[in-house]
Asker: 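Just dropping this structure here.
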Amino acid sequence: MTAAAGAKAPSRTNDPERTMAGILEVAYREFAEKGWAGARIDEIADATHTSKRMIYYYFGSKDGLYLAVLEEAYRRMRAIESQQQLEDLPPEQALRRLVEFTFDHHQGHPQYIRLVMSENMNRGQFIAQSSNIQQLNVPAIDAIRQLYERGVAEGVFRAGLDAIDIHASISALSFFNVSNQHTFGLIFKRDMQAAGNLAARRSNVTEMVVRYVLK
């Protein structure tokens, strides 16, 4: 990430990387809570003890900061996901781990869910501008494809499925439990975040995906 071209560096900091990281962290929370339209650069500047000028120097504009936040959200998700070492496990066990990881990650990172929801409200216009996000998601699909093909070769998974579709199913089932927890819980009078309900939902989501893929 580079400072805006042609701008004179502000003199308020001797640690640009730390300043940028601090701005990004606060902006992550602001955009997650209020979306692109509701977040205010003035509030981000106040919370980080910087200035609008400094934020624009580092990120160019509000749009540039929002896009940097989106890229950071996906980078964090994929970085953790890549540590699962699925290739070291038998196919069915690896698939279970992937589903459980995705469910747990989404459950533990509601700000990530809200950012994705916000960008969908924007019809993906900012993600469409980011080649970084496109590239970040390639390894995720490749990992599922390799896992699936290994399972088919070993006679564990049924043939004819698509890796992106498997990914979509895992994401959708894990995403819903966070994105719709308030409306669903109120309508059906069920506490979606109660420990017992979470454990049961996690198990059911895992079984749905695994049984769909198993031969």
Side-chain angles (χ1 to χ4, degrees), residues 1 24 28 31-32 36 63-64 66-181 198 201-215:
M1 197 176 298
L24 201 59
Y28 193 110
F31 284 120
W36 174 87
D63 287 0
Y66 178 68
L67 184 56
V69 165
L70 286 175
E71 290 178 343
E72 178 65 9
Y74 278 93
R75 186 199 65 76
R76 291 179 185 181
M77 166 68 172
R78 298 311 176 202
I80 300 171
E81 188 177 61
S82 67
Q83 298 171 11
Q84 299 308 301
Q85 298 180 319
L86 303 179
E87 66 277 5
D88 296 335
L89 299 172
E92 181 179 345
Q93 187 179 346
L95 181 58
R96 287 182 181 277
R97 173 176 287 186
L98 177 61
V99 179
E100 291 168 352
F101 159 77
T102 306
F103 187 94
D104 292 344
H105 175 275
H106 288 2
Q107 185 61 40
H109 296 81
Q111 290 181 341
Y112 170 79
I113 301 300
R114 287 194 288 269
L115 280 169
V116 174
M117 292 170 65
S118 175
E119 182 57 7
N120 274 284
M121 292 292 290
N122 292 326
R123 301 180 185 273
Q125 62 175 304
F126 292 96
I127 281 182
Q129 302 170 34
S130 173
S131 59
N132 288 338
I133 292 177
Q134 306 295 324
Q135 292 302 312
L136 281 169
N137 285 279
V138 169
I141 299 303
D142 284 345
I144 293 177
R145 183 176 293 110
Q146 291 168 14
L147 165 59
Y148 171 67
E149 290 176 352
R150 184 159 58 90
V152 171
E154 294 181 19
V156 178
F157 296 157
R158 62 192 180 97
L161 302 181
D162 177 71
I164 295 178
D165 186 64
I166 295 172
H167 174 68
S169 297
I170 296 170
S171 296
L173 290 167
S174 301
F175 196 95
F176 180 92
N177 214 62
V178 182
S179 66
N180 289 53
Q181 61 178 291
L198 275 176
R201 188 64 190 154
R202 182 180 189 264
S203 176
N204 291 339
V205 166
T206 302
E207 287 302 315
M208 276 187 268
V209 174
V210 171
R211 292 186 187 190
Y212 170 69
V213 178
L214 283 177
K215 191 170 183 179

Asker: CG/Leu214 to CZ/Arg211 distance, rounded to the nearest 0.5 angstrom?
Answerer: 9.0 Å
Asker: Please report the interatomic distance NE2(His109) to CD1(Ile80), rounded to the nearest 0.5 Å.
Answerer: 4.5 Å
Asker: With rounding to the nearest 0.5 Å, note down the distance linking CG in Leu161 to CD1 in Ile144.
Answerer: 12.0 Å
Asker: Over all heavy atoms of both residues, which pair between Leu115 and Ala32 is shortest? Give the atoms and the distance, please.
Answerer: CD2-N, 3.7 Å
Asker: Begin with the C-alpha distance, continue with both residues' side-chain angles, and end with the deciding distance and a verdict on side-chain contact (heavy atoms from CB on, under 4.5 Å) for Val116 and Tyr74.
Answerer: CA-CA 9 Å; Val116 174; Tyr74 278 93; 3.8 Å; yes
Asker: Using the six-membered ring of Tyr212, assess whether NZ or CZ of Arg158 lies under 6.0 Å from its centre and within 45 degrees of the ring axis.
Answerer: yes
Asker: Please walk me through it: do Ile166 and Arg145 pass side-chain contact (heavy atoms from CB on, under 4.5 Å)?
Answerer: CA-CA 9 Å; Ile166 295 172; Arg145 183 176 293 110; over 6 Å; no
Asker: Working to the nearest 0.5 Å, report the span between CD of Glu149 and CZ of Phe157.
Answerer: 11.5 Å
Asker: Is the side chain of Thr206 donor-acceptor paired with the backbone N or O of Arg202 at a distance under 3.5 Å, no angle test?
Answerer: yes
Asker: Leu98 vs Glu81, test: side-chain contact (heavy atoms from CB on, under 4.5 Å). Steps then yes/no.
Answerer: CA-CA 8 Å; Leu98 177 61; Glu81 188 177 61; 4.1 Å; yes
Asker: Before giving the answer on side-chain contact (heavy atoms from CB on, under 4.5 Å), spell out for Val156 and Lys215 the whole-Å C-alpha distance, their side-chain angles and the decisive distance to 0.1 Å.
Answerer: CA-CA 6 Å; Val156 178; Lys215 191 170 183 179; over 6 Å; no
Asker: So which heavy atom on Tyr66 is nearest to which on Ser118, and how close?
Answerer: OH-OG, 3.5 Å
Asker: How long is the span from the CG atom in Leu136 to the CD atom in Gln134, to the nearest 0.5 Å?
Answerer: 9.5 Å
Asker: In the structure I gave you, are the side-chain heavy atoms of Trp36 and Asp63 within less than 4.5 Å of one another anywhere?
Answerer: yes
Asker: Within the distance-only criterion (no hydrogens, no angle test), does the side chain of Glu119 pair as donor or acceptor with the backbone N or O of Phe126 below 3.5 angstrom?
Answerer: yes
Asker: Check whether more than 12 heavy atoms from other residues, nucleotides or ligands sit under 6.0 Å from atom CE of Met208, and answer yes or no.
Answerer: yes
Asker: Looking at Ser130 and Leu67, what are the two nearest heavy atoms and their distance?
Answerer: CB-CD1, 3.7 Å
Asker: Looking at Asn177, is its backbone amide N or carbonyl O close enough to the side chain of Arg201 to form a donor-acceptor pair, meaning the two atoms are under 3.5 Å apart?
Answerer: no
Asker: Rounded to the nearest 0.5 Å, how far does OG of Ser171 lie from NE2 of His105?
Answerer: 11.0 Å
Asker: Looking at Ser82 and Ala79, would you say the former's side chain and the latter's main chain have a donor-acceptor pair under 3.5 Å?
Answerer: yes
Asker: Using a strict threshold of under 4.0 Å (side-chain N to carboxylate O), is an ion pair present between Glu72 and Arg75?
Answerer: yes
Asker: Applying the side chain to side chain contact (heavy atoms under 4.5 Å, CB included) test to Arg96, which of Leu89, Val209, Val210 qualifies?
Answerer: Val210
